[in-house]
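Taking it in order: structure first as structure tokens, then the write-up.
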Amino acid sequence: MELEEEVLEPVSPTGHYFTSSVLSVSNLAILETEIPFDESQTMSLVQNVFLPISPRFSSIMVENNGKKRWKKVEVKVEDHVNIPIFPPSLSPEAYDKYLDDYISKLAVERLSPEKPLWEFHIIKYPTSNAAGNVIIKLHHALGDGFSLMSALLSCLQRADDPRLPLTFPSRQRSQPKSESFVTKVCSSVFNTLSDFWWGISNSTMDEDDLTPIRSGKGIEFQPIAVSTMTFSLDQIKLIKSKLGVTINDVLMGMIFLGTRLYMQEIDKSSSKARGTAMVLLNTRMMGDYTSIQEMIKPNSKMPWGNHFTFLHVPIPNLFLPEDDHHHEYSNISLEFVSKAQKIISTKRNSLAIYLTSRFLEILNRFGGHEAAAKYIRSTLKNSSMVISNMIGPVEQMALGPCRDNSKLYGEGEGCLQNGKGAYRSTKVQVMHGKCI
């Protein structure tokens, strides 16, 4: 690959963290197509639609005196497109297994630093959910989920009418309690200091108990699997209205409850075990996805890159009667969602996420990129799961002539759960060790 002379902007600190000796993080986007994907279109779509989105898709990292920069290179598209061969004439259920194994293998492989940090994988075999799949692997150093989702959405169109823009669900916070100004300030200061210290402690000294969902070894040292669950958005909205919370609150409560039920089923003592979720949060002024041209403008309100931080959230304990195997779970489920919402609401009334970002900057300044990366790695290792979410468009999308239902998730340590809505449904993807 012949390098050009043009040198782009320096790699961001987060880009350094995610390409360090202790940490390498990528995202996987999966497009499920309703008709078989025409692989003959792949090269032209990548060359003419994908590559122009961002100069980073045509760049590699070069290092000089410990500092990395993005350098423009000539892209050989054929080196980035893979079309695996599975046995012919199998059932969709059989291809489900082949696809899962392929994704599991792909998720733990590192992208080569000798070429731009992305890959396309065309799966031309029908599964239970789709006529074909397109898997796009993008390194986290290229940008966070918001940036990469914006990039992918710029390649897609509305299936019903390509002339119309994609639309997204409205964002709504749960209504806060009515409190006096002094009470709010005191509560915010207390929660900020408490959460920040608890986060530092979790990342450096304390770690979650060993449970059925946490081996303590880190997911990169064991075979992994990806599981997907689909929930009706209308049913989630019923719970949302009954409890007066947000859709995200309901999803978090469902994830926590499902996790605790699984833990208790495998090991009853783990219902009281210490468990922590590391929740990834966008630090931009949140709004709908915007154009790439807008994101790369100087001083953009929705800038391209990695603009996120993380927050430690304790997984609520679950107490069920041991002698009643036919216990009615509905009330307990609602109580659990309500309990999870209260914890999250308390965390929202905190500035700990901004202190955590500043702490990483200080650690990077005085200890270097490797020190900050080791801190993030320790945070991941000491937690039981990582949770992130992306909002998807209301309408069905199309990539060229192919209708698709897209999913996005990334590599993590332990369990990574990611929910994204797609026209009246919400999908939760869980990446976990195969032993779970």
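- Side chain of Ser24 to backbone of Arg110: no donor-acceptor contact under 3.5 angstrom is found.
- Checking side-chain atoms of Ser270 against main-chain N and O of Asp267 turns up a donor-acceptor pair under 3.5 Å.
- The aromatic rings of Tyr102 and Phe86 sit perpendicular to each other, their planes meeting at more than 60°, with 30° as the lower class boundary.
- How far CD of Glu370 is from CG of Leu23: 9.5 Å, rounded to the nearest 0.5 Å.
- Screening Asp206, Thr211, Asp208 for a side-chain hydrogen bond (donor to acceptor under 3.5 Å, both in side chains) with Arg274, the sole residue that qualifies is Asp208.
- The structure places CG of Leu152 at 6.0 Å from CG of Leu138, a figure rounded to the nearest 0.5 Å.
- Between the side chain of His80 and the backbone N or O of Trp118 there is at least one donor-acceptor pair closer than 3.5 Å.
- No side-chain donor-acceptor contact under 3.5 Å links Asn27 to the backbone of His140.
- For the atom pair OG (Ser147) and CD1 (Ile53), the distance works out to 12.0 Å, reported to the nearest 0.5 Å.
- Between Val337 and Leu257 there is no side-chain heavy-atom pair separated by less than 4.5 Å.
- Thr19 pairs with exactly one of His139, Glu63, Lys68 by the side-chain hydrogen bond (donor to acceptor under 3.5 Å, both in side chains) rule, that one being Lys68.
- Formation of a donor-acceptor pair under 3.5 Å by the Ser201 side chain with backbone atoms of Trp197 is not found in this model.
- Within the 4.5 Å cutoff, the side chain of Ile344 has heavy atoms near those of the Asp249 side chain.
- Of the possible polar contacts, none joining the Ser194 side chain to the Phe190 backbone as a donor-acceptor pair under 3.5 Å is found.
- Residues Ser215 and Leu210 come closest through the heavy atom pair O-CD2, 3.5 Å.
- In this structure, a donor-acceptor pair under 3.5 Å is absent between the side chains of Thr246 and Asn248.
- Ring to ring, Tyr375 and Tyr17 are not that close: their centroids are 6.0 angstrom or more apart.
- Summarising the geometry, atom OG belonging to Ser58 is positioned 10.5 Å from atom CD belonging to Glu74; distances are rounded to the nearest 0.5 Å.
- A salt bridge links Asp101 with Lys97; the closest basic N to acidic carboxylate O contact falls under 4.0 Å.
- Remark: the backbone N or O of Ser44 is paired with a side-chain donor or acceptor of Asn48 at under 3.5 angstrom.
- Judged purely by distance below 3.5 Å, without hydrogens or angles, the side chains of Arg69 and Asn64 never pair a donor atom with an acceptor atom.
- Ile315 has its side chain out of reach of Met263: every pair of non-hydrogen atoms, C-beta onward, lies at least 4.5 Å apart.
- Between Leu99 and Ile123 there is a side-chain heavy-atom pair separated by less than 4.5 Å.
- Atom CZ of Phe57 has more than 12 heavy atoms from other residues, nucleotides or ligands within 6.0 Å.
- Dense packing is recorded around NZ of Lys339, with more than 12 heavy atoms of other residues, nucleotides or ligands lying under 6.0 Å away.
- For Asn382 (side chain) and Asn202 (main-chain N/O), a donor-acceptor pair under 3.5 Å exists by modelled atom type.
- Using a 4.5 Å heavy-atom cutoff, the side chains of Arg260 and Asn317 are in contact.
- Listed here is the closest heavy atom pair of Ala371 and Leu363: O-CD2, 3.7 Å.
- Counting non-hydrogen atoms of other residues, nucleotides and ligands closer than 6.0 Å to CD of Gln235 gives a total of 12 or fewer.
- Judged by distance alone, the side chain of Thr127 and the main-chain N or O of Asp96 form no donor-acceptor pair under 3.5 Å.
- Residues that satisfy the side chain to side chain contact (heavy atoms under 4.5 Å, CB included) test with Pro126, not counting sequence neighbours, are Tyr95.
- Taking OG1 of Thr379 as the reference point, atom NE2 of His312 lies at 5.0 Å (rounded to 0.5 Å).
- When all heavy atoms of Asn129 and Glu32 are compared, the pair lying nearest together is CB-OE2, 3.9 Å.
- To the nearest 0.5 Å, atoms CD (Glu109) and NZ (Lys137) are separated by 6.0 Å.
- Taking the side chain as every heavy atom from C-beta outward, Glu93 and Ser128 approach each other to under 4.5 Å.
- With a 4.5 Å cut-off on side-chain heavy atoms, Val313 and Phe256 count as touching.
- You'll find the side chain of Tyr125 reaches within 4.5 Å of the side chain of Ile85, heavy atoms only.
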request  = Determine, step by step, whether Ile135 and Phe120 satisfy the side-chain contact (heavy atoms from CB on, under 4.5 Å) criterion, reporting the C-alpha distance in whole Å, the side-chain angles of both residues, the deciding distance to 0.1 Å, and the verdict.
outcome  = CA-CA 6 Å; Ile135 306 172; Phe120 276 69; over 6 Å; no

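- Counting only distance, with no hydrogens or angles, the side chain of Thr33 and the backbone of Ala131 share no donor-acceptor pair below 3.5 Å.
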